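Remember, predicted model here, so these are calculated numbers, not experimental data.
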Amino acid sequence: DQDHAVNVDAAGAPAWLLEAIAAASTDPHGLARYPDDATAREALARMYARLPDEIVPVAGAVQALWALAPAFHPHLAACVHPGFTEAEAGLRAHGVPVERVLLDPDAGFALDPAAVPADADLVVIGNPTAACGRLQPRDAIDALRRPGRTIVVDEAFLDQVPGEPGPFVRATVGRELTDDVVVVRS
């Protein structure tokens with residue numbers, strides 16, 4: 001059984017893949033311990049024009065989305081829909097109240113920053129928006145920023161956009177990416 005929505009294969013990894021990973025390991029302990037992620041962080045930092053300390057490799061976007069509540073301790077989260085539901089599920093599982101912000105199909109699923117509750121201290125938005133594939137403009141996402149609020153931009157499907165405009169983090173080159181924006185890629 002495979003559940004592609006959350007990247008789970010109940011049968012586990014195929015033997016050939018595990019053998020290839022073990023054979024490629026330069027660590028004498030092989031897969032017996034967690035790898036050092038410094039090389040990966042450095043490569044990703046170069047790819048996205050960020051500093052290695054700004055990169056946190058995780059085991060898929062779902063892990064990052066489920067870690068939002070313990071990492072940021074929000075009092076009220078807003079999840080923009082339509083969108084991938086794992087962030088909302090993770091927040092609710094950790095007891096965080098969640099307000100859904102529904103994008104209007106008659107408005108082309110455009111983000112209206114004023115629709116986000118003013119007291120939401122964590123806002124999650126997929127970009128592109130899952131299901132409809134709408135890319136939200138940078139200025140609309142920036143309009144969500146305010147003191148005491150963290151914005152999470154889930155770009156899991158950005159590479160499927162024809163002529164990919166580049167990730168939110170790369171658009172900040174020459175601009176400081178502050179602690180109030182988290183970008184999730186997979």
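At a threshold of 4.5 Å between non-hydrogen side-chain atoms, the residues Q136 and T129 count as touching. Under the 4.5 Å side-chain criterion, counting only non-hydrogen atoms from C-beta, L122 is in contact with L91. Between V184 and V153, every side-chain heavy-atom pair lies at or beyond the 4.5 Å cut-off.
The distance from the CD atom of E42 to the CG atom of L51 is 11.5 Å, given to the nearest 0.5 Å. Once rounded to the nearest 0.5 Å, the distance linking CG of L158 with CG of N127 reads 7.0 Å.
For R149 (side chain) and D180 (main-chain N/O), no donor-acceptor pair under 3.5 Å exists by modelled atom type.
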side-chain contact (heavy atoms from CB on, under 4.5 Å) assessment of L111 paired with L144:
CA-CA 10 Å; L111 174 64; L144 295 171; 3.9 Å; yes

Would Y48 and E54 count as a side-chain contact (heavy atoms from CB on, under 4.5 Å) here? Give the steps.
CA-CA 10 Å; Y48 294 112; E54 296 175 311; over 6 Å; no

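In summary, of the residues considered (V101, I141, V152, V116), a side-chain contact (heavy atoms from CB on, under 4.5 Å) with V123 occurs for V116 alone.
For R134 against A110, the heavy-atom pair with the smallest separation is NH2-CB, 3.5 Å. Nearest heavy-atom pair across P113 and A143 is CG-CB, 3.7 Å.
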Could you pull out every donor-acceptor pair under 3.5 Å between side chains of residues 55-81 and any protein atom, sequence neighbours left out?
| from | atom 1 | to | atom 2 | distance (Å) |
| --- | --- | --- | --- | --- |
| Q63 | OE1 | A59 | N | 2.5 |
| W66 | NE1 | E86 | O | 3.4 |
| W66 | NE1 | E86 | OE1 | 2.7 |
| H73 | NE2 | P70 | O | 3.1 |
| H81 | NE2 | E88 | OE1 | 2.6 |

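For D37, the salt bridge (Lys or Arg N to Asp or Glu O under 4.0 Å) criterion is met by R41, not counting sequence neighbours.
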